Every structure is written in structure tokens, then in C-alpha cells.
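Throughout, a chain's letter reflects where its sequence line sits, starting with A, and its residues are numbered from 1. All of these numbers come straight from a predicted model, not from anything done at the bench.
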Amino acid sequence: MNLILKVWRQKGAGSPGRFVSYQATNVSPDMSFLEMLDVVNEGLIARGEAPIAFEHDCREGICGSCGFVINGVPHGPRRGTTVCQLHLRTFEDGDVLTLEPWRARAFPVLKDLVVDRAALDRIIQAGGFISAPTGSAPDANALLIPKDDAERAFDAAACIGCGACVAACPNASAMLFTAAKVSHLGLLPQGQPERWDRARDMVRAMDRELFGSCTNMRECEAACPKEISIAFIARLNRDLVKASFQPRRAAAAAGV
Amino acid sequence: MSTETAVRPREGALDARIPSGPIERMWERHRFEMKLVNPANRRKYTILVVGTGLAGGAGAASLGELGYDVKCFSYHDSPRRAHSIAAQGGINAAKNYRNDGDSVHRLFYDTVKGGDFRAREANVYRLAELSVNIIDQCVAQGVPFAREYGGLLDTRSFGGAQVSRTFYARGQTGQQLLLGAYHALERQIAAGTVRMFPRTEMLDLVVVDGRARGIVTRNLLTGAIEAHAGDAVVLATGGYANVFYLSTNAKASNATAIWRAHKRGALFANPCYTQIHPTCIPVSGEHQSKLTLMSESLRNDGRVWVPRRAGDTRPPGQIPEAERDYYLERKYPTFGNLAPRDIASRAAKEVCDQGRGVGPGGRGVYLDFADEIRRQGEDKIRERYGNLFDMYERITGENAYRVPMRIYPAAHYVMGGLWVDYDLMSTIPGLFVGGEANFSDHGANRLGASALMQGLADGYFILPNTLGDYLARVTPGGDDTRAAAFDAARRQVQDGIKRLLSINGSRSVDSFHRDLGRVMWELCGMARNDAGLRKALVEIPALREDFWKNVRVLESGEELNQSLEKAGRVADFLELGELLALDALQRTESCGAHFREESQTDDGEARRDDERFAYAAAWEHTGNLSQPRLHREPLVFEHVHLATRSYK
Ligand SMILES: Cc1cc2nc3c(=O)[nH]c(=O)nc-3n(C[C@H](O)[C@H](O)[C@H](O)COP(=O)(O)OP(=O)(O)OC[C@H]3O[C@@H](n4cnc5c(N)ncnc54)[C@H](O)[C@@H]3O)c2cc1C
Ligand code: SF4
Ligand code: FES
């Protein structure tokens, strides 16, 4: 099959960018989307043109490295699928596809389809953890956790930190990402002592990082390759309300 | 290389510095005998940790917590992206929560035996001992392991084990364990004890006066080449299975850090011990860029078969029971579909070589869930493996609840790596190596769910102790990069980059990597023989020569340049590949994942030669890639008696 790609090319963080058209000729429906880009890049290199920069690593939908927007949709048209797991059989011969990087104030473009997502790490630094110094743990089975709670925590913990939710959000909010982490830890008994500070501090960090606020547009959930539910955002909002009645815990959490 | 910048190991046998006394008390006693660094002084010691996978992430966080000044490096944009994130099946621990006869001693025994008696007993014992603490630590961090309805932790049995000791988090165990380590690391970064350098690739090790004193890095966004000084260096940079090009590893996984340390004097042990995983999605075409693992936990409920008759192209549903060959159950009645990886992989190759393979290209076997779906119901199977079935569907377009999966072996993991002593220190004082990057613990074959265990044991519990003992014996050197060795290393790195950019030949980096992979897979893969290895030893250097004449790397070194990053890594694979073949050639026995066709029993099983080969092969770089020097660490088995591995 053949595809026409209109790809955002931008040499560096400060440089202007523009769309450039490329042909992907004779590609196989069994190829993954990134394998198709590999083929296009081989062609570019053969012609002496700079290959398209895009991030990827595991190509299994788990590391969260990959991600760009295809025809306006983060990670492309298939629900619950990262772009590295998207295969060309999803498209029709002759399709014209526009590829562009995540667009968000908090995610500056570094080159072509590569953006800087370090802001997500900084949200985690603000409290996305349980303070459990190495060696201090009691026996693992000393703590009973109902299966359903563990499962729900897992549903939230499945976030891969790709940033598609931000790219999909008209406000470029990182609320789904933040809610997923707050919920993962807040749904477990181990996460209770730091629960209120965590919610407050992570949301504050999110605001500091120039992410927009959440106005319940629900675009994030639709774009999320791990199908993280926006119910977690509601949960975070409830935690924030409760947190406002809680005294700040002594500055025990490292770094806060 | 001058003696100032590279270390020459002493002649004679390698000293693993195994503590004396009974194995059960060794680690405890050793910790007592260690020197400690006064908490107030820890801040004065800088530790450079390269890698943020399970080993590096857990290590950096724990060292930061202890109060050392830690600088942590990763070529990823975030520590959470390390390849550990992709591990699926689970992590072993000798908790004996099932009352099924498990114990530290049994995990130790299984690991030594599973490694086909090519691992160091003392290290393996300690690993089994620490496995118990790992699960505790991870639960405390909030890792959402699978649970029973009563709220207790669930376990399952995993490739090669008859007890149920594998803890898991759906099919995403590595992800959840890594996130636990990542959270701990981010907590320390916030606390200021760890400084994180993402998108920073280590390109050389700096040795001053015979000790590891720093590294040279490239900033992957700006191209800046920088030197960092420290009192000790930890490499936790993962494995080198991508030497085969197609593997289950993440695309960027590479050997550069350990390879360049090797060229500075660290011995490289058992490079030929490479594990081929039996259950991966088969290659679909020329464009294939990586292979996807289907966790071997699937073998708990799936049955492996091929048609009895060669060339049978009927769809699987139309092949009656009597015309199917459940070859693992037939050949290994005790272990059946749970036979260890090396055995299951070779058996798949064998039936495909006989023309009984299935799917396009005939390189595949069925993994069939029909029986268990009938017995337990589809929901139960979905609950257990849903995400794997989904992944399979995304990649192949097939529904494995209806038709059997097709699987084939793929390069997956490496047992080989930098040689380390009991303290996980390499032959360069001050250079420690953890996780898949070192050679310890798994011998010639790793059991399923044991790499995560090893990475976390190294990172959380071993390195924080042994580094302290080392540091307590040296004076803190501070952030001083003035030594001539730093300049020399920096210049060497710069020259290497300039050279890659100036060739401007006609072939892409990937095309060379593909060619290397083909040679490695054909001649040094699942089965090896003298003639094939000798052929590889001609082809690899020839390919390397061609690379340095014909590779084309566009753009400059002063920007984000993914081709340039790959070029450096492939250049190193082209060197490591040769050492791998040399190591495979000298080891004329078969053991574990290393199968020499010349050394097999009448019924085609691996035949070890303990008389001649009960040693770890540790290679020294001599400056001539084709003539490395071999050092041997003799392996002594006092607790698990040398026996022929049998899974029949
Ligand atoms: C698909 C798959 C499934 C697996 N499933 C299981 C399982 O179920 N159970 C199990 O026990 N094991 C499993 N394994 C094996 C296990 O995941 C790995 O062996 C283990 O995670 C390796 O961890 P690590 O910390 O040693 O290295 P990695 O996680 O590979 O981390 C390497 C780190 O080093 C950094 N790095 C490397 N080189 C450089 C450099 N030059 N400069 C800067 N940074 C560098 C990287 O950025 C990264 O942070 C699986 C492996 C694969 C491929
Ligand atoms: S919530 Fe979903 S879209 Fe957002 S970062 Fe996590 S996985 Fe990606
Ligand atoms: S490359 Fe890892 S999630 Fe896509």
C-alpha cells in the first residue's frame, strides 16, 4: 500500500517548523506505523536528507516514549493503542496523514516530532511516591489489600506517562496523568499517610509547569492509549476538597 | 591505550573475593565485616550511577537515601522509560507463601541448576536470600501486585520451577516494579540527594591511577561532551541482546557503556551466554524492527504443538488431535510446556527445521489455549493474560481466544556481561556493575522471573552496602575533572564522533545493524558449531571494516541526532559481536543457552564438560579485537552437586 505523509519538520527547539510531504510507497499492512517511518527514513538517508526525528524505544506500548498526532488524534485512530502498536492495516491505501508533535505550552518541541516532557517527571517529584526508604518494609503479607482495591489501583498505575492526554486536551491540562498517579497511590493503604499532601502538591506542581486547568472536556480519556478513566479525575477533585480540610503534614516528605 | 587510562588485571585466576564461612551466613557476616562510611561524611562522596532501570533506579535512590552525593545518567528522556519497564511475567521470591516446599535454599538450587552449573554459588545464594526483602520493599512502595480475594498476595509458577514463587502485576510486572523504583528516585531528586541527567549518554569511562574516577557523556540535545568525576561509578546499563538486531529488547538498548568500560580494562565475562526466549511473535517481514515477547507465563495455560506431518498447511482448527505433536509434553513429560527456555527454544527450532513449522515462512509453532479456555472459561484466561492477547491481536490482527497463537524464539536476554566479584565490583577498582549489565548469578541460562529479582537485589540491597565498604577505604576526591585522563577520554570521544560524521558513505546505520544481526543469529544464535563460528569471525570484522568506510551519518554532532546515537552503538556491537563469537568458539561444550552442536547427547540434549569448562570466561581487551586474552574464574560447587540437568 501507499501513503502520503505530511510531517512537521523543525530542526531545533528555537527554529521555525513547517509541514513537508513524503511518500511512503510499497509499505505492507503488516508493518507497524513506526516501521513505516523507518522505511521512509531509510529513503531520506539514501537521498542525503535528514531523517524524521521521533521518539520510541520499547515499540510495545509500555515505555511511553513514542507519541505524535496523526490527523489530529494523539497516537492515531485506534483506541487504546500507542502509535508504536498501531499497524498499517488500520489505514487505507492512498490515505493522506498529517503527523505533528504534541502541542502544549508545557511540552516544548525539541525537533520534528520530539517534545520535552520533563514537566511530567517534575509533577511526580512533587509527591508522586510513597516514602518507603529501602530496607524499612514489613513482610509483604502483613498488609491485606482487597483484590478490588489492588485492581483499581492498578488501573490507574497503568499510565505510561506518554503525555497524549495533554496533547488531546484543549487546555493542555495534565489532569489525567496527575489523577492517575494520585489515585494509584491513594487507593492503597500504604498511600494513605501522604494522601492529602500528595494530591495538593502534585496539582500545584502541575499548575507551576504551565499545564492548563481541567474543564472536563473528556478528550484525554479518548486519547489515552492505556484507557485511563476520567473517573480518576473526579476522584482527585474529591481528594483536593478533602485535602483542603487537612492540616499539612510536617515536612516529612523528602523535598517538599 | 596507555597504562594511565586503562587497567591491566593481574595475571592468574580471578579473585571473586567470596567471603569465607558457611554460605547461609556469608552475606550477613560480610556486611558486618564491611567498613562503614560515617553518615556525616557520605555527602562528600560522589557516586555516578549510569542507568535508571531496576538496578540503576533502585541503586541511585537507595544510595541517595543513605546520603551520598549521587549523579544519575540515562539516555532516556525520563528515568521511567528504562527497558525494565517492558518486563511482563513476574518476579521470583522464596517467600513460600504457598506452603509448597519452597525455601531460600530451593530458589538457590533451582537457579544454580537452571544456570546449568555455570554461576557462582555464593552470589546466587545471596540473591535467593534477598528475594524475600524485595517483595516487602515493593509492596511498601505501592506496587499493585496481583492479590487473592482474601487480600493476600497471589503467585504463579513460571518457566522451569515446580513451586509457585512468582509474584506478578498483571502482565506488566516490570512496569510496576520500575515505577516503584522511579518514584523512589524522583523522591530523592526532589530531596536533592540525586541529580538526574536525562538524555545524557555515557560514552567513556575515566580511569585515574588504576581506579574508576569518572565518565564522559554526550548531551543528546546539544551534543555537548562533558566529563563527570566521582569516587565510584556504577554501570546499570542493561543487556546487549540487540547485538542480534532483532530481539525483544527496546530499540535503544545497547552495550556501549559496558563495552567502553571493557576497553578501559574491565574484563567481560561469558559474552556467549545469550538467551533465546521461546515465546515471541514470529517475524512478519523484511521491515521487522523488533520482536515482541509473549510472556512465558502463557505456557502455564497454553499447549505448544505443531502438525505431525511436515508441510501440513491446514488451518490449526482442521488438524485433528491425533495429527498434532505436542512435542514438549512428549519429550519432557515432567516439565512439559514449562520446560526451561533454552530447551523450549531449541525444540521449536528443531521442529521447524524438520519442516513442521507453521505460519508464513514456516518459522513458528502453535501456543494453543483451547483446552484451558474450555476448562477454566474464557474469562479466567482473559483475566490472567488479557493484555497479552490484546497485544497479540494488535500486532498480528489475530484473535488468540479463537485461533492458537503463533510463536517463535527470539533473542531476549544476556547472561554475559562485565565480570564482577562478590561485591559487584569489576576488575577496575571503583567500577561497580549491576543488573543485566553484569555477568553474575544466572550462569549459562536465566530462569524466568529472575532478572527483575537480580536487578532489584543489586540495586536496593547489594550495591548500597558494597559501595560503602569501598568508599570507606578511599578519600573523597570531589568534583575534580582536571586529571589528564579526563581530557584524553573527552578528546577520544570527540574524535570518534567526528570520524562517524565524516565518513559520509552510502549505507545507513540500520542496514549495518541488520547485517550484523543476521550473522549473529545464523551463526551464533540458538545452535553454534565450529565452522559457523569461524565463518562469523571472518564476517564480523569484514562488516566492521565496511562500516567504518561506508556508513552514512547525516546532520551534525551539535544537535539531537538519532542516527549518530545509533552509529556509536552499532560500532560497539560490531566489536562485541566478535568477542561473543570467540567466546562461543573456545567453549566447545554445550551448557545452558550455549548449545554447541558438537557437544550433544544421542537424543540431542546439551552435553556439558565439567572437567574442562567449569569456569567463567573473563576476557581482557588487549588492543587487538581479534586477540583478547582469556582469564578463567574456576567455579566450585559445594552445595549444589554437579549433575546433568534433566527436565524429562
Ligand atoms: C520483553 C521483556 C520481558 C521481560 N520479562 C521479564 C520478566 O517477566 N521477569 C524477569 O525477571 N525479567 C524479565 N525480563 C528481563 C528484565 O526485564 C531485564 O533483564 C531487566 O529489566 C534489566 O534491568 P537493568 O536495570 O539491568 O537494565 P535496563 O532496564 O535495561 O536499564 C538500562 C538503563 O541504562 C541506561 N543506559 C544504558 N546505557 C547507557 C549509556 N551509555 N549512557 C546512559 N545511560 C545508559 C538506560 O537509559 C536505562 O536507564 C524481560 C525482558 C524483556 C526484553
Ligand atoms: S494518562 Fe494516558 S495519555 Fe496521559 S500520560 Fe498516562 S497513559 Fe498517556
Ligand atoms: S515505543 Fe514504547 S510505548 Fe511506544
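- Within the 4.5 angstrom heavy-atom criterion, atoms from both the backbone and the side chain of B/Leu560 approach chain A.
- Evaluated for a salt bridge (Lys or Arg N to Asp or Glu O under 4.0 Å) with A/Glu55, the options B/Arg81, B/Lys251, B/Arg199 yield exactly one hit, B/Arg199.
- Interface remark: of the candidates A/Ala46, A/Pro29, A/Pro189, A/Ala46 forms the most heavy-atom pairs closer than 4.5 Å to chain B.
- Counting heavy atoms from C-beta outward, B/Pro79 and A/Asp121 have side chains that approach closer than 4.5 Å.
- Looking at B/Leu291, B/Thr292, B/Ile85, B/Ile395 one by one, the single match for side-chain contact (heavy atoms from CB on, under 4.5 Å) with A/Glu60 turns out to be B/Thr292.
- Side chain of A/Asn141 to main chain of B/Leu152: no donor-acceptor pair is present (N/O by atom type, distance under 3.5 Å, no hydrogens or angles).
- A pairwise comparison of heavy atoms in B/Arg187 and A/Ser131 identifies NE-OG, 3.1 Å as the closest pair.
- Panel note: side chain B/Lys290, backbone A/Cys58; a donor-acceptor pair is recorded below 3.5 Å.
- In this structure, the portion of B/Thr396 lying under 4.5 Å from any heavy atom of chain A is its backbone and not its side chain.
- For the pair B/His287 and A/Met36, the minimum side-chain heavy-atom distance is 4.5 Å or more.
- In summary, B/Glu559 and A/Lys111 engage in a salt bridge, as defined by a charged side-chain N under 4.0 Å from a carboxylate O.
- Both the backbone and the side chain of B/Ser78 have a heavy atom closer than 4.5 Å to some heavy atom of chain A.
- Both the backbone and the side chain of A/Glu151 come within less than 4.5 Å of a heavy atom in chain B.
- In terms of non-hydrogen atom pairs under 4.5 Å with chain A, the most contact-rich of B/Tyr149, B/Phe145, B/Tyr97, B/Tyr460 is B/Tyr97.
- In this structure, the portion of A/Arg89 lying under 4.5 Å from any heavy atom of chain B is its side chain and not its backbone.
- Taking all atoms of both residues into account, the shortest heavy-atom contact from A/Ile145 to B/Arg147 is O-CD, 3.1 Å.
- If you measure heavy-atom distances from A/Arg78 to chain B, the contacts under 4.5 Å come from the side chain alone.
- Nearest heavy atom pair, residue B/Val139 against residue A/Gln190, reads O-NE2, 2.6 Å.
- Atom CG of residue B/Leu179 and atom SG of residue A/Cys159 lie 8.0 Å apart, to the nearest 0.5 angstrom.
- No other option in A/Gly61, A/Ser136, A/Gly12, A/Ala53 has as many heavy-atom pairs under 4.5 Å with chain B as A/Ala53.
- Both the backbone and the side chain of B/Arg170 come within less than 4.5 Å of a heavy atom of chain A.
- Counting heavy atoms from C-beta on, the side chains of B/Met391 and A/Ile62 never come closer than 4.5 Å.
- Side-chain contact check for A/Ile160 versus B/Gln175: some heavy-atom pair is nearer than 4.5 Å.
- For chain A, the nearby part of B/Leu554 is the side chain; its heavy atoms alone come within less than 4.5 Å.
- In this structure, the side chains of A/His184 and B/His183 come closer than 4.5 Å at one or more pairs of heavy atoms.
- Side chain of A/Glu35 to main chain of B/Ser289: a donor-acceptor pair is present (N/O by atom type, distance under 3.5 Å, no hydrogens or angles).
- Not a single donor-acceptor pair under 3.5 Å links the side chain of A/Asp139 to the backbone N or O of B/Asp136.
- Other residues, nucleotides and ligands contribute over 12 non-hydrogen atoms within 6.0 Å of the CZ atom of B/Arg394.
- B/Tyr182 has its side chain within reach of A/Ile124: a pair of non-hydrogen atoms, C-beta onward, lies under 4.5 Å apart.
- Considering only heavy atoms from C-beta on, A/Thr134 comes within 4.5 Å of B/Glu65 through its side chain.
- The closest side-chain heavy-atom distance from A/Phe129 to B/Gln141 is not below 4.5 Å.
- Looking at A/Ser65, the atoms closer than 4.5 Å to chain B (heavy atoms on both sides) sit in the backbone and in the side chain alike.
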